[in-house]
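Please read the structure below before turning to the comments.
Just so we're clear, the structure is a prediction, and the values are computed from it rather than from any experiment. Proteins come first, then strands; the chains are lettered A, B, ... in the order of their sequence lines, and each starts at number 1. Keep in mind that the numbers below use all heavy atoms, side chains included, and drop hydrogens, waters and symmetry copies.
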Amino acid sequence: MKRRYSLKRNKEFRRVYRVGKSQGSHLLVLINAKSKTDGVHVGFSVSKKIGNSVVRNRIKRRLREAFSPFLPLIKEKTNIIIIAREPVKTAKFTEIERSIERLLQKASLLK
RNA sequence: CGAGUAAGCUAUGUGACUGCCCCGUCACUUGUGGCGGGGAGGAAAGUCCGAGCUCCACAGGGCAAGGGUGCCGGAUAACGUCCGGUGAAGGCGACUUUAAGGAUAGUGCAACAGAGAUAUACCGCCGCAUUUUGCGGUAAGGGUGGAAAGGCGAGGUAAGAGCUCACCCACCUCUUCGGCGACGAAGAGCGUGCUGUAAACCCCACUCGGAGCAAGAUUGAAAUGAGAGCAUUUAAUGGCUGCCCGUCACGCUCUUGAAAAUCGCAUGAGCGUAUCGGUGACGAUGCGCCAAGAUAGAUGGUCACAGUUAUACAGAACUCGGCUUAUUGCUUGCUCGUAUA
RNA sequence: GGCCCCUUGGUCAAGCGGUUAAGACACCGCCCUUUCACGGCGGUAACAGGAGUUCGAGUCUCCUAGGGGUCA
């Protein structure tokens with residue numbers, strides 16, 4: 001997943017948290033909001049409570065890898081934040097993939 | 001075989017498909033594609049020290065304070081680090097540890113217990129008077145305590161005491177020998193017998209300017225914005241450790257908004273290897289190599305094989321040298337114990 | 001990433017190196033009251049962890065862990 005698809009500014013994160021709608025599963029939480037800029041931007045949030053930097057980086061890498069196939073299928077002009085919950089540490093990759101797909105369907109973001 | 005001790009190595013590998021970041025090159029539609037190359041650690045961690053680098057006023061004057069180090073010699077760019085020694089302590093031993101200057105410069109503290117804590121007399125012993133006991137002498141014995149005026153024997157005495165003497169112990173002064181030195185060995189003195197604590201204040205010697213890459217430089221933009229309060233120019237605020245002087249900058253404080261790009265930034269006290277010097281830390285010379293550089297922050301996913309408890313601690317953010325802490329698997333030397341030859 | 005600070009019962013907190021570590025609220029038991037509250041008496045309960053200095057450490061020194069602040 002290239003970097004230009006990632007959500008960067010703290011301001012943008014705050015806006016999504018404020019106006020966005022959230023869906024949850026036991027592995028992940030998804031928050032989405034409409035944006036003014038073109039394209040899709042995704043931010044991944046992993047709390048310090050979940051583990052040390054090695055664990056957090058590993059979770060972020062797996063989430064990016066699992067999310068990237070869905071990137072061309074998502075409607076334009078949306079910002080998405082995906083928050084990791086504690087059980088992601090031990091989840092299998094296919095479980096993460098399935099969880100992301102179900103959350104995207106629930107939020108009706110797929111084309 | 002068990003227990004221990006010291007030193008050292010290591011931190012999954014190979015292949016397939018598919019992704020991410022950087023560099024080079026080619027192409028064009030100038031931000032995409034093709035090809036090639038590179039891409040986390042021994043601690044990257046904690047931030048406990050030392051440096052490089054950058055800015056501040058190149059380190060101002062007076063008064064006063066503060067931090068650090070602390071046996072000797074060496075290594076190093078430097079260090080509170082390392083190496084080799086000396087002394088002391090621990091261990092049967094291999095070996096390990098060591099904030100190790102000064103308590104005879106001065107001050108403070110030493111609870112409780114105990115008669116008494118840096119000086120004393122409770123029990124006791126002795127003498128005298130009296131025969132409930134009182135006065136005087138004494139510190140050998142008892143008991144308290146972490147610590148009670150060096151130990152033992154003899155003389156001496158009313159009882160005793162370094163009061164005197166011999167021997168021993170410790171310290172001080174001096175001499176000789178060995179060592180670069182810390183120090184060690186021996187001897188002499190008609191010298192002394194001194195509580196502990198300086199990670200209590202302190203004294204002595206040496207040493208330390210401050211801030212830190214969010215340092216800072218350049219370019220661009222103009223948002224040098226808006227609101228509230230305070231002050232009204234020898235002031236106030238900030239910088240130079242504190243105060244005064246001096247000097248520089250500049251209205252000050254709070255709330256809120258905005259906050260771009262490039263450089264710094266990857267060739268360095270660098271890494272590997274061989275020889276030589278040195279007990280060693282380390283140094284010299286030759287040859288070879290270039291090895292992450294992001295800016296919300298790059299190494300992933302799915303399998304196969306080998307191997308396995310195949311997994312621990314753990315993710316670069318300016319860069320090095322150490323220290324400390326966390327942690328996987330293994331090798332070798334030595335010591336002690338047991339058994340066998 | 002850099003630089004600082006703090007950890008004492010369940011909570012808020014005092015504590016000069018020295019007997020058994022104050023105090024308040026909370027909790028438990030008893031008394032008081034017809035009962036509850038207030039009040040009285042009593043009790044349970046702590047020095048973040050590990051080393052060192054010292055006769056003796058909550059206090060002094062070092063290391064570790066956890067928490068907090070600040071800098072564009």
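Across all non-hydrogen atoms, the minimal contact from A:Ala84 to A:Leu28 is CA-CD2, 4.2 Å. In this structure, A:Arg85 and A:His26 approach most closely via the heavy-atom pair CD-O, 3.8 Å.
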Dot-bracket summary - RNA chain C, pairs being Watson-Crick or G-U whose distances fall under 3.5 Å, with | when paired to another strand:
(((((((..(((.....[....))).(((((.......)))))....(((((..]....)))))))))))).
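Taking atom C1' in both B:rU232 and B:rC252, one finds a spacing of 12 Å when rounded to whole Å. A distance of about 14 Å separates the C1' atoms of B:rC168 and B:rG193, rounded to the whole Å. Annotation: B:rA341 and B:rG8 have their C1' atoms spaced 34 Å apart (nearest Å). Across B:rC330 and B:rC323, the matching P atoms stand 27 Å from one another, rounded to whole Å. Distance noted for atom P between C:rU19 and C:rG58: 11 Å (whole Å). The same atom, C1', is picked in B:rU335 and in B:rA94; the two are 4 Å apart, to the nearest Å. Taking the C1' atoms as reference points, B:rA43 lies 14 Å from B:rU10, given to the whole Å. Taking the P atom of each, B:rG4 and B:rG38 are spaced 48 Å apart, rounded to whole Å.
If you take OG on A:Ser108 and CD on A:Gln23, they are separated by 8.0 Å, rounding to the nearest 0.5 Å. Rounding to the nearest 0.5 Å places CD1 of A:Ile83 at 12.0 Å from CZ of A:Phe44. In this structure, CD in A:Gln105 is found 8.5 Å from CZ in A:Arg102, a value given to the nearest 0.5 Å. Atoms CD and CG, on A:Glu65 and A:Leu63 in that order, are 11.0 Å from each other to the nearest 0.5 Å. Put simply, CZ on A:Phe70 and CD on A:Glu97 are 6.0 Å apart, with the number rounded to the nearest 0.5 Å. Expressed to the nearest 0.5 Å, how far OG of A:Ser25 lies from CD of A:Glu95 amounts to 10.5 Å.
Here B:rA291 is in the syn range [glycosidic angle within 90° of 0]. B:rU96 takes the anti form, because its glycosidic angle lies more than 90° either side of 0. B:rG42 shows a glycosidic angle within 90° of 0 and is accordingly assigned syn. Taking 90° from 0 as the syn/anti boundary, the base of C:rC16 is oriented syn. Glycosidic conformation, B:rA40: syn, with the torsion inside 90° of 0.
Base pairing of B:rC35: its partner is B:rG24, meeting the Watson-Crick or G-U wobble criterion (both donor-acceptor distances under 3.5 Å). Across all strands shown, nothing is found opposite B:rA310 as a Watson-Crick or G-U wobble partner with both distances under 3.5 Å. Nucleotide B:rA281 is matched to nothing when pairs are restricted to Watson-Crick or G-U wobble geometry with both distances under 3.5 angstrom. The base-pairing partner of B:rU335, taking Watson-Crick or G-U wobble contacts with both distances under 3.5 Å, is B:rA3. B:rC287 is paired with B:rG272 under the Watson-Crick or G-U wobble criterion, all donor-acceptor distances under 3.5 Å. Base pairing analysis places B:rG184 opposite B:rC177; the two distances defining the Watson-Crick or G-U wobble pair are each below 3.5 Å. In this structure B:rU319 sits in a base pair with B:rA51, meeting the Watson-Crick or G-U test at under 3.5 Å. With a 3.5 Å ceiling on both atom-pair distances, the Watson-Crick or G-U wobble partner of B:rA16 is B:rU302.
What separates CZ of A:Phe44 from P of B:rC20 is a distance of 14 Å, to the nearest Å.
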Whether each nucleotide of nucleotides 298-305 of chain B has a protein heavy atom under 4.0 Å at its base (B), only at its sugar-phosphate (S) or at neither (-) is summarised, 5' to 3', as SSBSS---
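No side-chain heavy atom of A:Leu103 sits less than 4.5 Å from a side-chain heavy atom of A:Ile82. Under the 4.5 Å side-chain criterion, counting only non-hydrogen atoms from C-beta, A:Ile80 is in contact with A:Ile74.
Cluster annotation: A:Phe93 and A:Leu104 are assigned to distinct hydrophobic clusters (Ile/Leu/Val/Met/Phe/Trp/Tyr, side-chain heavy-atom contacts under 4.5 Å, transitive).
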